[in-house]
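Quantities reported herein were computed from a predicted structural model and do not represent experimental measurements. No hydrogens, no waters, no symmetry mates; every other heavy atom, side chains included, goes into these values.
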Amino acid sequence: MLTKQRGPGGPAPSRYGNEETPVHVHGFLTEKLSLNLDKSVTTSATCGSSVTYGTSAPSESAVGEPGGCEGRRGLPRSLGWPPCSMTQSVVVQGKLRVEGGTPLARSQAASFATNVRSVSFLSLFLSLIAVGQCGNQIGCCFWDLALREHAAVNQKGIYDEAISSFFRNVDTRVVGDGGSISKGKICSLKARAVLIDMEEGVVNEILQGPLRDVFDTKQLITDISGSGNNWAVGHRVFGNLYQEQILEKLRKSAEHCDCLQCFFIIHSMGGGTGSGLGTFLLKVLEDEFPEVYRLVTSVYPSGEDDVITSPYNSILAMKELNEHADCVLPIDNQSLFDIISKIDLMVNSGKLGTTIKPKSLVTSSAGASKKRQEKPFDAMNNIVANLLLNLTSSARFEGSLNMDLNEISMNLVPFPQLHYLVSSLTPLYTLADVNIPPRRLDQMFSDAFSKHHQLIQADPKHNLYLACALMVRGNVQISDLRRNIERLKPSLQFVSWNQEGWKTSLCSVPPVGHSYSLLALANNTCVKPTFVELRERFMRLYKKKAHLHHYLQIEGMEESCFTEAVSSLSALIQEYNQLDATKSMPVEDLPRLSIAV
């Protein structure tokens, strides 16, 4: 386990507090940090639906949402989640009305709503696991921006449900695990995170920086030698060596959660630790926490990657992702670089209408941690960090259409292995003129389907959709959402059996520096070219057996590991090919279920 190591110049001043000084978060005293939400809960009682906050919600409570029966992972059975019958909940003037389905289903659905109100708001906790150099650098940006986001929203320093999703409230004067505080004033925030790296450099740097007190040093695992860009070393050697320690940290993280909903894993595919140990971790999570969702953010290498063995590492990691992940959000380094280059070009052009605040929180961490020196990849990492912030916003903040993380897998993954979701984030910068004309809201929706806003090199608009989720934040109405879906539908091709495959959420709290934002998640065949290119790069090396001996000298590694991995990827590609072959199939006009309101 890594302990704090200080450089000769000493660490940067901590602004996250201890028992002697007031707690500061990004320049704000936490005595002024609180969300202070009046969460009078009225709940959607439909299976696969979600919780609605506030006193009144529009009657158009869904926009072409696919239904979906789910046995909510992590939700206590004592709350009596209703069975998989066709029920619909409508919030009218602050009251819940359940319609459709059998009398028993309606009764149990209404009973569930009453139970939720009687136990107040049920906090859903998320645990983030950063693996390898890339994963920890993105994780550092994520926690930095998460603190800033909650500081901007929270005004009274009260530890509430929103901030508890990501952070524990700890009294540092209490030794051991007895210092956790479930409510009241914020004392000291500890991230619900596990940091793993087989080289100590990046984790050391985090522990010497301004975020050092946010991380529990008992939740860190490091080594010295590193994995040497070798998947086998990370997966077989360090996986077996650190399995018990990893399990201990994961159990400890879970013990601090009343209702653990999801594990987020952030890693890269091209290196040794991220690809090897990161995918080893997935199997551990599946065995130890089978009911908790495993959502993976994987950074794929570009064609000009400086790790020669990255095709081997990526192909071997892909097999594990296929088998053990619930959802994978592939991110392409080249796409991130292209986005940053485009923004820099617009900033420097000075054209009318494209004046951009150069310190947008999406691409810059300026203003987040004082005296923090920007690094070359910080802007790229911040985009990924904002992806995760927007992905979890609906689980943390109020909104008229909330979406739990388990609903992403339930609604967007129709087949087990086709769980790769292409993400796009818009806007990617903050426009200088504050009074944004209404037309720009519609432009935001159009941009989400443009290939220039995808976080992987893909063009979903000209490929086949299996399903699509739109996660909107800010002052956007359901009517805006519905209007834009209807406007865009003719230009988007969905599979014939899921023409209304839309999942939507509206969170009323916008990101810092924006009036509104949109995260689109698409299960689309456009991800296939990335996998095809990866297989081609792999085959160029494998045909010559180049660098293969580095892997085969590791105990447990055989050539069959490579052939099985590339066969798994080929099978995945073939599934996408079969879907693409259905593009020309006629769309059946199926009878629609009508529900009286």
I'd like a table of donor-acceptor pairs (distance under 3.5 Å, sequence neighbours excluded) in which one partner is a side-chain atom from residues 268-281, with atom names and distances.
from, atom 1, to, atom 2, distance (Å)
Thr273, OG1, Ser227, OG, 2.8
Ser275, OG, Gly271, O, 2.4
Thr279, OG1, Trp231, NE1, 3.4
Thr279, OG1, His235, ND1, 3.4
Thr279, OG1, Ser275, O, 2.6
Thr279, OG1, Gly276, O, 3.1

Exercise for review: Report the residues that fulfil salt bridge (charged side-chain N to carboxylate O under 4.0 Å, His left out) with Lys283, sequence neighbours left out, ordered by chain and then residue number.
Suggested key: Asp287
Check your understanding: Charged N to carboxylate O below 4.0 Å: is that the case for Arg537 and Glu533?
Key -> no
Practice item. Can you sort out the partners of Glu575 under salt bridge (charged side-chain N to carboxylate O under 4.0 Å, His left out), two or more places apart, ordered by chain and number? Key: none
Check your understanding: Salt-bridged, Lys503 to Glu407, with N to O below 4.0 Å?
Key -> yes
Study note, to complete from the structure: Residue set satisfying side-chain contact (heavy atoms from CB on, under 4.5 Å) with Gln578, at least two apart, ordered chain then number -> Gln574
Point to revise | Glu558: partners by side-chain contact (heavy atoms from CB on, under 4.5 Å), with sequence neighbours left out | key: Ser560
Point to revise | salt bridge (charged side-chain N to carboxylate O under 4.0 Å, His left out) against Lys528, all qualifying residues, sequence neighbours excluded | key: Asp580
**Study point:** By side-chain contact (heavy atoms from CB on, under 4.5 Å) - contacts of Pro510 (at least two apart)
**Key:** none
Point to revise | salt bridge (charged side-chain N to carboxylate O under 4.0 Å, His left out) involving Arg473 - partner list, sequence neighbours excluded | key: Glu149
Check your understanding: Who pairs with Ala571 by side-chain contact (heavy atoms from CB on, under 4.5 Å), at least two apart in sequence or on another chain?
Key -> none
Practice item. Please identify each residue that fulfils ring pair (Phe, Tyr, Trp, His ring centres under 6.0 Å) with Phe264, with sequence neighbours left out. Key: none
Review point. Any side-chain heavy-atom pair from Ile408 and Leu521 closer than 4.5 angstrom?
Key: yes
**Study point:** Listed partners of Phe263 passing ring pair (Phe, Tyr, Trp, His ring centres under 6.0 Å), at least two apart
**Key:** Phe289
Study note, to complete from the structure: Sorted by chain and residue number, the ring pair (Phe, Tyr, Trp, His ring centres under 6.0 Å) partners of Phe238 (sequence neighbours excluded) come out as none
Point to revise | Aromatic ring proximity Phe415/Trp497, centre distance under 6.0 Å | key: yes
